[in-house]
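Numbering of residues begins at 1 and proceeds along the displayed sequence.
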Amino acid sequence: MSLDPCCPCWAFGTMKLLQTRIFFERPGMRSDDYTAHHICQAMGMPGFAVDPVLQSAGEALRLLLKPSFDPEICITIISDGQRVEARVVAARWMIWHLFEMAPMMTYRDQCELPIACFQEWVKSAIVSGKSADASGIAIDGMSVESILIKNGELVVQTGRDLGEPYFSRKLTGQIIQTVWAALQDVNCKNALALAARYEQVSLPSLPAPAPKMPIQTAIIGTKEDKIELLKAMKKQFG
């Protein structure tokens, strides 16, 4: 592959590339890469189940929401027995639409929740984990992965594989609605409002500036093409 630095098209293309993430060799996300662990990492977290926040909490319930047509959201609820805190990390755009896993800009917020609510959710999560109903592929819906940890030990995990039980849709709606009411960040509230629709829960969308969509450029080629392109960019811009 040869690039002429004097060509206006090359100069324009290079300027655009400097503002984008560049992906090589693969044109789209593979379902094998679209795991809870990788999604959480893309949102700036250590992982889904492997996270010091979960291991250090007395009890922790984490939900990963994967809507079919809206950005992913992770809700982490932790308790030390005295107080309950919810932390929300919402992707600004759909991670599934990336060419491959890469860091994603997020909205973040946290809030306190009633202890009584959390205790009821934990009981319901355990029941969901023992349900005979198996999870499935969400078509025009929202799949939910969950994990419940107590004193650093796994209690129940749902929604990871097709053979595993699914997390209660009713419980998901209750959690979204309660967390939405306690949050302050408008963008996080709007992200939860979008997810709530999949669980037949209606929450208002609040006025907020629309985020600027990043441009992603897919370059189909070999590693040699990548090296040559990077050399040309370095030569052009130093």
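- Residue Ala125 comes nearest to Leu61 through the heavy atom pair CB-CD1, 4.2 Å, listed as atom of the first residue, atom of the second, then distance.
- For the pair Ala195 and Leu65, the tightest heavy-atom approach, listed with the atom from each and the gap, is CB-CD1, 4.0 Å.
- Among residues at least two apart or in separate chains, salt bridge (charged side-chain N to carboxylate O under 4.0 Å, His left out) pairs with a member in residues 115-125 are Glu120-Lys123.
- Listed by first and then second residue, the salt bridge (charged side-chain N to carboxylate O under 4.0 Å, His left out) pairs involving residues 177-188 amount to none (not counting sequence neighbours).
- Checking side-chain atoms of Gln55 against main-chain N and O of Asp51 turns up a donor-acceptor pair under 3.5 Å.
- Between Cys40 and Cys74, the shortest heavy-atom distance links the atoms SG-SG, 4.3 Å.
- Checking Arg62, Glu85, Arg87, Gln110 one by one against Thr76, the side-chain hydrogen bond (donor to acceptor under 3.5 Å, both in side chains) holds for a single residue, Arg62.
- Residues passing the side chain to side chain contact (heavy atoms under 4.5 Å, CB included) test with Lys150 are Glu59, Val155, sequence neighbours excluded.
- Between Tyr198 and Phe69, the closest heavy-atom pair is OH-N, 3.1 Å.
- Of all the heavy atoms in Ala208 and Asn187, the pair that sits closest is CB-OD1, 3.7 Å.
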Under 3.5 Å, sequence neighbours excluded: what are the donor-acceptor pairs made by side chains of residues 172-179?
| unit_1 | atom_1 | unit_2 | atom_2 | d |
| --- | --- | --- | --- | --- |
| Thr172 | OG1 | Ser168 | O | 2.9 |
| Thr178 | OG1 | Gln174 | O | 2.9 |

In residues 41-49, what donor-acceptor pairs under 3.5 Å come from side-chain atoms, sequence neighbours left out?
| unit_1 | atom_1 | unit_2 | atom_2 | d |
| --- | --- | --- | --- | --- |
| Gln41 | NE2 | His37 | NE2 | 3.2 |
| Gln41 | NE2 | Pro46 | O | 3.3 |

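- Sorted by first and then second residue, the pairs that involve residues 101-115 and meet salt bridge (charged side-chain N to carboxylate O under 4.0 Å, His left out), not counting sequence neighbours, are Arg83-Glu112.
- With sequence neighbours left out, Arg92 forms a side chain to side chain donor-acceptor pair (under 3.5 Å) with no residue at all.
- Judged by distance alone, with hydrogens and angles left aside, the side-chain atoms of Ser68 form a donor-acceptor pair with the main-chain N or O of Gly141 at under 3.5 Å.
- Closest non-hydrogen pair, Phe118 versus Ser79, comes out as CE2-CB, 3.5 Å.
- When atom types are taken as modelled, the side chain of Glu72 and the backbone of Ala36 share no donor-acceptor pair closer than 3.5 angstrom.
- The hydrophobic cluster containing Leu194, built from Ile/Leu/Val/Met/Phe/Trp/Tyr side-chain heavy atoms closer than 4.5 Å, comprises no other residue.
- Looking at Ile75 and Leu192, their side chains come closer than 4.5 Å, going by heavy atoms from C-beta outward.
- The list of salt bridge (charged side-chain N to carboxylate O under 4.0 Å, His left out) pairs with a residue in residues 196-206, not counting sequence neighbours, reads Asp70-Arg197, Arg169-Glu199.
- Evaluation of the ring pair (Phe, Tyr, Trp, His ring centres under 6.0 Å) rule for Trp180 yields no partner, not counting sequence neighbours.
- Applying the 4.5 Å side-chain rule to ILVMFWY residues, one finds Leu206 in the same cluster as Val186.
- Hydrophobic clustering, defined by side-chain heavy atoms of Ile, Leu, Val, Met, Phe, Trp and Tyr closer than 4.5 Å, groups Ile78 together with Val53.
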